[in-house]
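Written out below as structure tokens is the structure these notes cover.
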Amino acid sequence: MSLPLVLHVAVPSPLRRLFDYRPSRTAPECGWCKGIRVRVSFGNRTVVGIVMGVDSNSDLPYADLKPVTDVLDDAPLPEDWLQLCEFTARYYQYPLGETLAHALPKLLRQGRALEAQTRERWKVATQKNGTPFSEEEKSERLGRATRQKALLALLEQHPLGMFSSAIMAHGFTRPQLEGLEYKGLISHQQEWVTGGASSSKPLLAEPALPLNREQGEALSRLHQVINEFAPVLLHGITGSGKTEVYLQLIDAVLRRGKQALVLVPEIGLTPQTLSRFRKRFNAPIVVMHSNMSDTERLDGWEAARSGRAKIVIGTRSAIFTPMQALGTIIVDEEHDNSFKQQDTLRYNARDLALVRGRRENVPVILGSATPSLETLLHARQGRYCYLRLTQRPGNAMPAKLELVDLRIGQRRGGIGAVALKAIKAQLEAGHQVLVFINRRGFAPTLSCQACGYVFECSHCDARLTYHRQPPMLLCHHCEHRWPIPDACPKCQSADLRPLGAGTERAEETLAELLPDVRILRIDRDSMRRRHALEEAIDEIKRNEPCLLVGTQILAKGHHFPHVTLVVVVNADGGLYSADFRAPEHMAQLLVQVAGRTGRSSLPGQVLIQTMHPDDPMLTTLTTEGYDALADQLLDERRMAQLPPFQHMALLRFEGAQMEQVMTLAQEVADTARAHIQQHQLPALCMGPSPAPMERRQNRYHVQLLVTSEQRSARHDTVACLIQALAQHPLARRCRWSVDIDPQLMG
Ligand code: ADP
Ligand code: ZN
Ligand code: ZN
């Protein structure tokens, strides 16, 4: 007698375990196996879960197991995809059920059927010369397979072919179809439910560019590793033609019948980027990003999974797109912070790309002009294949960076005299200028001139930003807004002054100083309207003289041939931050912004305003460049025992009462430290300490830091902390989260 089956099901729940169920009366067509979605009753809810294991063992008596309510799939979700999710849950120490739910499109998570978008049409095959097989040939190939014979007979009655669902309705199974296909007697093609079969146009819609020497060398190295896992850093200055190398690699991958997955930063997924891919290839391209409708997302997912989509371009979450025949993963701007998710499942899509590439045995290309120190260290140590592009095609010259001492002379709206003069000169010559300012609003502070009072958010430990369009005081941390006050609440003086400059103020001042100049302010506030950014970019591309005042939105990806001057209003934000990554991020941003100019035959100039013109980091960056600064920063990290030389985890705690949060963090930290000592782990658990911004939205924030030179010791220590938290009564009154390889220390 065979033992009864037990299904181990992952359900979306913070509990870090699987739950056992009995099979329902109806089984999926493929039988019970890992990867089948089911509906189960869980507590007092019904949820969608995924079967992660099938055997006959359970800690509970079989009679106590509830049967699953519904079977949602007839075939399992792809095994590669399931493994990627399992790895993600393990590595980021996040509940598996919630990880799976995170990685699934919402409609699948809610129980929608999977096969809606493509279907398979099966037809009787002919011989190579197009004539039908003879009866003898058929019976020789069929052998004694009677069901296959019956299936072939069925298909012979349908010269246009039949869809899988119709065939199954006649009582046939997938293995019978595949068996006949293997024998060469039938064949199938994937069809898009709404459209016809795929086109027969040539793959390239426009010819590839002839590569320069460096690009050519990079591409031929990539060809050497095209069939295997290879981590590659493509380190090329902005405008050196990295994208052209990606395009030609993808071409080679598609010709092998494989698919390409391209990850880009959130801000990099512009219509411009997409149109470059669409112009080049006559192949189905699917875009995956966070602002898609649920149906679009499901369609994209399905197109990638079935193999119909050849190229998938997406932001961070696209790393979880299942691919029928993955051929390469490209991570563009790999240093970008948006690859790291900053809440719930705090994964890093760049790191997962490497994990996925290794599992699926494909090359992973990390591209950047300013690689992260992590990636750079691996490349320098020879663990990644290191490819460099140091020149721009044609005669475009990278712009030189110059520091401008802001302590000298007058400033208006954040702009000093030197910068103003340069701006005027470039505009008069008919060129465009970009003024980069990393703060939106009018001014970062409003203060009382009489007593020095500064307006702060009453829910956060933060100053309020003064906005004029529309007028308000806004907290950039909790989005709370207040009307502009008439007088100081402390001394009643009406002399309130905005201190410092944001984009609105820079725009206003420049408009006064340069009355005849067209000024475009480009930040999150001015670009709220749909298509506002595209319209602004279209206008810039008309190449008429204009002044762009903008934040990060303008820093990346765009190619503006007529911008000959970039002014960075203030570079000092990253210099004295508590976050050890701040200098690295600042340097990346400055180089990125500088890359907006000098991209055509016109030479480019970059002026970086600072109050600290002698700062060693700024001087290294401007005189020797990013690589030299990266070396310097790596040395500092090595000495200070920081990543990438150590592995970190950050545990964040928050609650309505500081005392409770502190007690909780303190007690679990003690448990972890005892564990470290008992097992002699090479790990440290530091803290608790208040977060850099202790109070946010009236909640108190505390953190613990775990570091180790071994990932396994870090993992073990964090696991111990999680276990202690699961048992601690205070944990129910506080919120806590685990951040493995944190990118932001706040
Ligand atoms: P990156 O991705 O490194 O910033 P791009 O691939 O966007 O650089 O290239 C910058 C510009 O140079 C683009 O306009 C691109 O069309 C052009 N370009 C790239 N490679 C070549 C080449 N081999 N010959 C001529 N132009 C090229
Ligand atoms: Zn006052
Ligand atoms: Zn606030």
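When a ligand or atom number is given, it counts from 1 through the structure's own listing order. What you see is a predicted model; the values in this text were computed from it and never measured. When reading the values below, keep in mind they use all heavy atoms of this one structure, side chains included, and skip hydrogens, waters and symmetry mates. Heads up: numbering here begins at 1 and tracks the sequence.
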### Message
Residue-level breakdown please: for R392 versus ligand 1, do any non-hydrogen atoms fall below 4.0 Å on the side chain, on the backbone, on both, or on neither?
### Response
neither
### Task
Please determine if the Zn ion (ligand 3) has an N/O/S atom from C457 lying under 2.8 Å away.
yes
### Message
Within 2.8 Å of the Zn ion (ligand 3), is there any N, O or S atom belonging to H476?
### Response
no
### Query
Is E266 salt-bridged to R316, going by a charged N under 4.0 Å from an acidic O?
yes
### Message
Under 4.0 Å, heavy-atom basis, I'd like to know which part of N212 is in contact with ligand 1: side chain, backbone, both or neither.
### Response
backbone
### Query
Looking only at distance, does G241 have an N or O less than 3.5 Å from an N or O of ligand 1?
yes
### Query
Please, which pairs that meet salt bridge (charged side-chain N to carboxylate O under 4.0 Å, His left out) have at least one residue in residues 267-289, sequence neighbours excluded?
E206-R280, E244-R280
### Sidechain N-carboxylate O distance under 4.0 Å for E374, R581
yes
### Message
Test of understanding: given a 4.0 Å heavy-atom threshold, classify the contact between P210 and ligand 1 as side chain, backbone, both, or neither.
### Response
backbone
### Query
Between Y626 and Q588, do the side chains contain an N or O donor and an N or O acceptor separated by less than 3.5 Å?
yes
### Message
Under a 4.0 angstrom heavy-atom cut-off, which atoms of ligand 1 come close to I237?
### Response
3 (O)
### Task
Inspect the contact between D739 and R652 and indicate whether a charged nitrogen and a carboxylate oxygen are less than 4.0 angstrom apart.
yes
### Query
Is the distance between the ring centroids of Y384 and H378 under 6.0 Å?
yes
### Message
Tell me whether ligand 1 is touched by S240 - counting only heavy atoms on the residue side and a distance under 4.0 Å.
### Response
yes
#### Entry: Part of R276 with heavy atoms under 4.0 Å of ligand 1, whether side chain, backbone, both or neither
side chain
### Query
If you leave out waters, which protein N, O or S atoms are less than 2.8 Å from the Zn ion (ligand 2)?
C448 SG, C451 SG, C488 SG, C491 SG
### Query
Side chains of N438 and T551: do they bring a donor and an acceptor to under 3.5 Å?
no
### Query
H335 and H235: aromatic ring centres closer than 6.0 Å?
no
### Query
Does some non-hydrogen atom of D332 fall short of 4.0 Å from ligand 1?
no
### Message
Are any of the N/O atoms on G239, whether in the backbone or the side chain, positioned under 3.5 angstrom from an N/O atom of ligand 1?
### Response
yes
### Query
Backbone or side chain, does H480 get an N/O/S atom under 2.8 Å to the Zn ion (ligand 3)?
no
### Message
Suppose we only count N/O/S atoms under 2.8 Å; would C478 qualify as near the Zn ion (ligand 3)?
### Response
yes
### Message
For M586 and D572: C-alpha separation, side-chain torsions, deciding distance, then whether side chain to side chain contact (heavy atoms under 4.5 Å, CB included) applies.
### Response
CA-CA 9 Å; M586 179 203 64; D572 299 340; over 6 Å; no
### Task
Would you tell me whether Q426 and T564 have side-chain atoms, one donor and one acceptor, within less than 3.5 Å of each other?
yes
### Message
Testing the 3.5 Å rule here: is there a donor-acceptor pair between the side chains of E217 and S220?
### Response
no
### Message
Please work out, at 4.0 Å between heavy atoms, whether the side chain, the backbone, both, or neither of V245 comes within that distance of ligand 1.
### Response
neither
### Task
Go through the side-chain N and O atoms of T620 and Q632 and say whether any donor and acceptor fall under 3.5 Å apart.
yes
### Task
Measure the spacing between OG of S368 and CZ of R350 and express it to the nearest 0.5 Å.
9.5 Å
